[in-house]
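Proteins get letters first, then strands, A, B, ... in listed order; numbering begins at 1 in each. These values consider heavy atoms only, across backbone and side chains, with no hydrogens, waters or symmetry-generated copies.
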There are 2 protein chains.
Amino acid sequence: MARLPVYLRALHSLQDRGIATVSSEELAAAAGVNSAKLRKDLSHLGSYGTRGVGYEVEYLIYQISRELGLTQDWVVAIIGVGNLGRALAGYGGFASRGFRMASLLDADPRLVGERIAGIDVEHIDRLETVIAEHGVSIAVIATPAVAAQEVCDRVVASGVTSVLNFAPIVLSVPDGVDVRKVDLSIELQILAFHEQRKAGGPMGEQVEREYVEAVEL
Amino acid sequence: MARLPVYLRALHSLQDRGIATVSSEELAAAAGVNSAKLRKDLSHLGSYGTRGVGYEVEYLIYQISRELGLTQDWVVAIIGVGNLGRALAGYGGFASRGFRMASLLDADPRLVGERIAGIDVEHIDRLETVIAEHGVSIAVIATPAVAAQEVCDRVVASGVTSVLNFAPIVLSVPDGVDVRKVDLSIELQILAFHEQRKAGGPMGEQVEREYVEAVEL
DNA sequence: AAGGCCTTGTGAACGAGTGCACAAAGTCGC
DNA sequence: GCGACTTTGTGCACTCGTTCACAAGGCCTT
Ligand SMILES: NC(=O)c1ccc[n+]([C@@H]2O[C@H](COP(=O)([O-])OP(=O)(O)OC[C@H]3O[C@@H](n4cnc5c(N)ncnc54)[C@H](O)[C@@H]3O)[C@@H](O)[C@H]2O)c1
Ligand SMILES: NC(=O)c1ccc[n+]([C@@H]2O[C@H](COP(=O)([O-])OP(=O)(O)OC[C@H]3O[C@@H](n4cnc5c(N)ncnc54)[C@H](O)[C@@H]3O)[C@@H](O)[C@H]2O)c1
């Protein structure tokens, strides 16, 4: 379930405040979901709650972490060390969740050898070697869109089966490989869509005329 | 619909290649969805296809853009000019979709006055003034988590009703305000979850013993 | 020890979204 | 013009996730 990480974050926050036990109602509020949904989600992992009391925060953190596979370390490589890749490399929120940034790769020779967040940038030619040596299991693609598919093909050929893609294209991969896409431009477009709705929305004929005019220019 | 921006991107790509007409089958493949779903989505905007032929790329681009509100310009402010805020500010993919980065705000006095991507960073104290002056309609929050709720409250109080949040917390906002969350850490956790599944998954008793040991340490 | 109180876990109803399959509708060749 | 072909638009069945509501179960007070 995609909501487990959200619960986990809420639980950590509770733990930091010294809270040992939490009811489904409270946790649901902190995570921004319905309490019945939360209980059903948690019941899929097993019966880890106590009726009349709630859930023990520490134990639940452990159970969710285990379910998500966070009790082991994941080795991550970032490909494309531009604006975005740099920001990701320097972000501390990953390491604390068991994601180890093992390698930074880029095609630009001027970047190769530069040290970012304690890691030396290597040349993309060494992709296959680096993946094998570090045992990379998750690849983050932060190259321009034109290079993304090629890079993706290469990491998949090297045995990586989980890809996080920031480039604005649909990657095609064989079965068995998971790709998740983060497209910030799409997020903004969805906000704009709702914003427009609030303001009254499109207006039929008048808009149609605008199109005809625009095409005629 | 959240898929419209994906279709739009695929259509632009087709247009760049000089393709004037596309069938639902082809477009669906390019967008990575089922063709029936695509047709149903498009039919919600009206009947813009021609049976036996397909959809006219240019006209469809216009219709989707209009539906999404991209025929008008949206004014965006970025709050928190750290690693991430900087990457966003310099990204060209927003301007080309009608999103104008109008303002960068930060609490750090050392950053105030610095020029990033052609925009002077201003102090967060001027938030309300800046929002009013530029007519900001979308706020992007890229501050640390602890500051995010306070910043959010202030932009909402200033009349902004669309927020894109990168901080790893659940923001609470009044009705009528849209918040979209981008949480990269969650994306990685979801990948790890599936990766673990492929590798065999958690293993009952043995894991339980591990927990007991971990707690006893 | 027993009853009241609180919270979990879940059965069942509901609703949204998906995919199939086909009729309607338009094009193109003859 | 007319018929064969192509592709859209959509009715329908179905699956999946959500939500309500409540019985089952454990704790705490008396
Ligand atoms: N910066 C943002 O805020 C932002 C927002 C949304 C999407 N994106 C997307 O993320 C991607 C990266 O964005 P960015 O702003 O960091 O771009 P960038 O141009 O700053 O960085 C891209 C990096 O990729 C490297 N590169 C190019 N081809 C490569 C290859 N074949 N192999 C390895 N490395 C290669 C380049 O040398 C460069 O360092 C782009 O696809 C962009 O569309 C970025
Ligand atoms: N960098 C990443 O790759 C990444 C990934 C996932 C999530 N995030 C999240 O995005 C947010 C920003 O990340 P970052 O790496 O850019 O952090 P950062 O520390 O580099 O930048 C944060 C910036 O916010 C400013 N700031 C602090 N308090 C403020 C306030 N009250 N008002 C205005 N500005 C304020 C700081 O001065 C700083 O410049 C964080 O919440 C982080 O958890 C970042």
If you walk 5' to 3' along DNA chain C, what is the first nucleotide with an atom under 4.0 Å of a heavy atom in chain A, and what is the last?
-> C:dC6 to C:dA12
Give a yes or no on whether the backbone of B:E67 and the side-chain of A:Q196 come within a donor-acceptor separation of less than 3.5 Å.
-> yes
Do any side-chain atoms of residues 152-164 of chain A form donor-acceptor pairs under 3.5 angstrom with protein atoms, and if so which ones, sequence neighbours left out?
| unit_1 | atom_1 | unit_2 | atom_2 | d |
| --- | --- | --- | --- | --- |
| A:D153 | OD1 | A:Q149 | NE2 | 2.8 |
| A:R154 | NE | A:E128 | OE2 | 3.0 |
| A:R154 | NH2 | A:I124 | O | 3.1 |
| A:R154 | NH2 | A:E128 | OE1 | 3.1 |
| A:S158 | OG | A:R154 | O | 2.9 |
| A:T161 | OG1 | B:E195 | OE1 | 2.9 |
| A:T161 | OG1 | B:E195 | OE2 | 3.0 |
| A:T161 | OG1 | B:K198 | NZ | 3.1 |
| A:S162 | OG | B:E195 | OE1 | 2.4 |

Under 3.5 Å, sequence neighbours excluded: what are the donor-acceptor pairs made by side chains of residues 18-30 of chain B?
| unit_1 | atom_1 | unit_2 | atom_2 | d |
| --- | --- | --- | --- | --- |
| B:S23 | OG | B:E25 | N | 3.4 |
| B:S23 | OG | B:E26 | N | 3.2 |
| B:S23 | OG | B:E26 | OE1 | 3.3 |
| B:S24 | OG | B:R39 | NH1 | 2.9 |
| B:E26 | OE1 | B:S23 | N | 3.0 |

Report the residues that fulfil ring-ring contact (aromatic ring centres under 6.0 Å, His included) with B:F166, sequence neighbours left out, ordered by chain and then residue number.
-> none
Which donor-acceptor pairs under 3.5 Å do the side chains of residues 83-94 of chain B make with protein atoms, sequence neighbours left out?
| unit_1 | atom_1 | unit_2 | atom_2 | d |
| --- | --- | --- | --- | --- |
| B:R86 | NH1 | B:E114 | OE2 | 3.2 |
| B:R86 | NH2 | B:V81 | O | 3.4 |

Give the rounded distance in Å between these two atoms: [atom1] of [X] and [atom2] of [N].
{"X": "B:E56", "N": "D:dT7", "atom1": "CD", "atom2": "C1'", "value": "16 Å"}
{"X": "A:Y55", "N": "D:dG25", "atom1": "OH", "atom2": "P", "value": "16 Å"}
{"X": "B:L60", "N": "D:dG9", "atom1": "CG", "atom2": "P", "value": "10 Å"}
{"X": "B:L45", "N": "D:dT8", "atom1": "CG", "atom2": "P", "value": "14 Å"}

Might you confirm whether atom CZ of B:R100 has over 12 heavy atoms from other residues, nucleotides or ligands at distances under 6.0 Å?
-> no
Just do the side-chain hydrogen bond (donor to acceptor under 3.5 Å, both in side chains) check on B:S13 and B:R9 with the steps written out, would you?
-> CA-CA 6 Å; B:S13 161; B:R9 179 116 56 207; over 6 Å; no
Distance from A:K37 atom NZ to A:L42 atom CG, nearest 0.5 Å?
-> 12.5 Å
Nucleic acid contacts of residues 26-39 of chain B, taken as heavy-atom distances under 4.0 Å to DNA chain C = B:N34, B:A36, B:K37, B:R39
If you pin A:K40 and B:S24 to their nearest nucleotides in DNA chain D, which one's is more 5'?
-> B:S24
Please determine if a side-chain N or O atom of A:R3 lies less than 4.0 Å away from the OP1 or OP2 oxygen of D:dT18.
-> yes
